[in-house]
Amino acid sequence: MAQVHLNDLHKVYPNGYEALKPSSFHIEDGEFVVLVGPSGCGKSTLLRMVAGLEEITAGALKIDDKVVNHVDPADRDIAMVFQNYALYPHMTVRKNIAYGLQNRKVAKDEIARKVDEAAEMLNLGEYLDRKPSQLSGGQRQRVAMGRAIVRDPSLFLFDEPLSNLDAKLRHQMRIEIKALQRRLGVTSIYVTHDQVEAMTMADRIIVMNAGRIEQIGTPEEVYHRPASTFVASFMGAPPMNLLPGEIADSALRFAGMELEGCGREAGPIVFGVRPEDILPDEDGALMLDVEIVEELGAHRLLHGTMGGEQVTMHVGKETAVSTGPLSVSVVPEAVSLFDPDSGLRLS
Amino acid sequence: MSEANAAAMAAATLSTPSKGRRIKAGTVFDHLILILGALFMIVPLIMVFQMTTVPDVEVIKTGPSFKIGDQLDDNFNKAMFEASGFSGKNTGTNMLLNSFILGIGFAVGKIVIGMMAAYAIVYFRLRFATLAFWVIFTTLLLPLEVRILPSYEVVQRLGMLNTYQGLIIPLIASATATFFFRQYFRSVPEELVEAARIDGAGPVKFFVDILVPLSKTMIAAMFIIMFVYGWNQYLWPTMITTEEDMFTLVRGIKQITQVMEGNRIPEYGRANLLAIIAIIPPVFVVIFFQSWFVKGLTESDK
């Protein structure tokens, strides 16, 4: 178990590409932190720097109060699960799991005991003598997990471990990984580009974009109080509606609607509202021209335009809907306001 | 189902085998080409074999014929166990042994050196790794024949004439093997290296525990090519070995047919039999490693 401190961690590749702008954060003991962002945002680079697979250009990385910038990956007391599992194809499952222990000169019977223990935890018992090529994707992923847990590391690193699995299996493994982490209580950093994974698994989410941390917070915070328009549009499916509006006379005006009491200086503004915070309301001041109804079984998504802007709205399955104009209102507390130039949240 | 229908079906099932048995003109033509090709390859070998069964005098008199004589046994004994030349030890078995040492030493050496060079080029951040690779690659343009005099001089000054190391070491650096292993290593996923690093495997351990077992099909493929290449070396052993007990088979056969001085008839039967024996080991190596060979060059088992 370990705490991880990042102080102004910075990565510039030899070709001058700045993969990670100086970033700082702190991970508590036993915490499950998810790094999420679009591809190329630097999240994998950050993880690989923590693992010791990428050199740190500047800044300090501390695991349990020990600066490990120049410590070899093998000596950082970490275990990593890779996207394509990275199992050794010529070794049996047993050998794959045991390899790290063998290299650390653990006694033979101790290795055998630990491997069996890990195999049982992951339901791999009957596959121990098979080669990775004889296993399904989910089983391979479990072997990769086994390889990680058998070492009792103080830090787990996951690099998009579920992205090669099909949707159903992904869902199942998501829960398994989370449960396993809870049970073992090991501090974990998990990288993904899938915001659903981030929302469901994380104790805290770190949203990254273009080598920069956009927001750090619990899933609720990130979802309900996004720190920037980027976070607002990246998290949530469908994303938050972002609409250009205006503040005049200390009220928000948009397409004929007024929202009182936001007490801001007059001027242009971007206001964001989640699809589920738009409600059908016969007396509503807003008019949504519904063009497409997306049927999802448990609920429906209405896509249309409002004041010339594309808007998505979320309604329960019991609400009768049809295309055409619909009167709606917005939950005032649920509105987020952003600066139109910087995209940052105004609170 | 009506009876007529059933009858029609029965007729159909009956007619299919006869259809299959009808031989197409195209198939005959294909086989003809294959048979001709096979004959073209095998007939000289059969002729050589025929000549090992008759006395040498007859070979001189009539050349190859259809006659199978009774000299095979005699020739085999002579070829394998009787020394020719001036010193005592260059029997067939001795030459066979020398050839094996050259072939295997050559193949193993090339594979080891090639693999290690490729490992360095692919996995280590060397300053001029790519340049180094292309320099190695251009040595393909400088085969042994081009640099044979300087190579000879180096070997001679090192006092390695008439030694196995003199036969093997100067030929051991291989651009071909380095190239093939480089291409192969580049196709090994990088995450495997990283997983091994986190698992605490250093460079040597990674090479021995993971890269070498992963490359075994490639190693087999290289072994075939290099063994046959080494086995068939003629020019280099001719230069380096002057003592008769260092002769390899390929070299020794030539030696035997050359004894024309005096009134002796060249020992054709013996030479021909040695030629056949010289073919056998490469053939076995190819047959034994064949399936691996194909896998190594085509499939990537990762």
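No hydrogens, no waters, no symmetry mates; every other heavy atom, side chains included, goes into these values.
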field: Interatomic distance, B:Asn94 atom CG to B:Asn98 atom CG [nearest 0.5 angstrom]
entry: 5.0 Å
statement: Interatomic distance, OG1@B:Thr139 vs CH2@B:Trp134, rounded to 0.5 Å, equals 12.0 Å
field: Parallel, tilted or perpendicular, as decided by the 30° and 60° cut-offs, for the rings of B:Phe207 and B:Phe185
entry: perpendicular
Is it the backbone or the side chain of [X] that comes under 4.5 Å from a heavy atom of chain B, or both, or neither?
X	result
A:Ala144	neither
A:Leu87	backbone
A:Gln102	neither
A:Arg76	neither

Distance flag, aromatic centroids of B:Phe227 and B:Tyr229, threshold under 6.0 Å: no
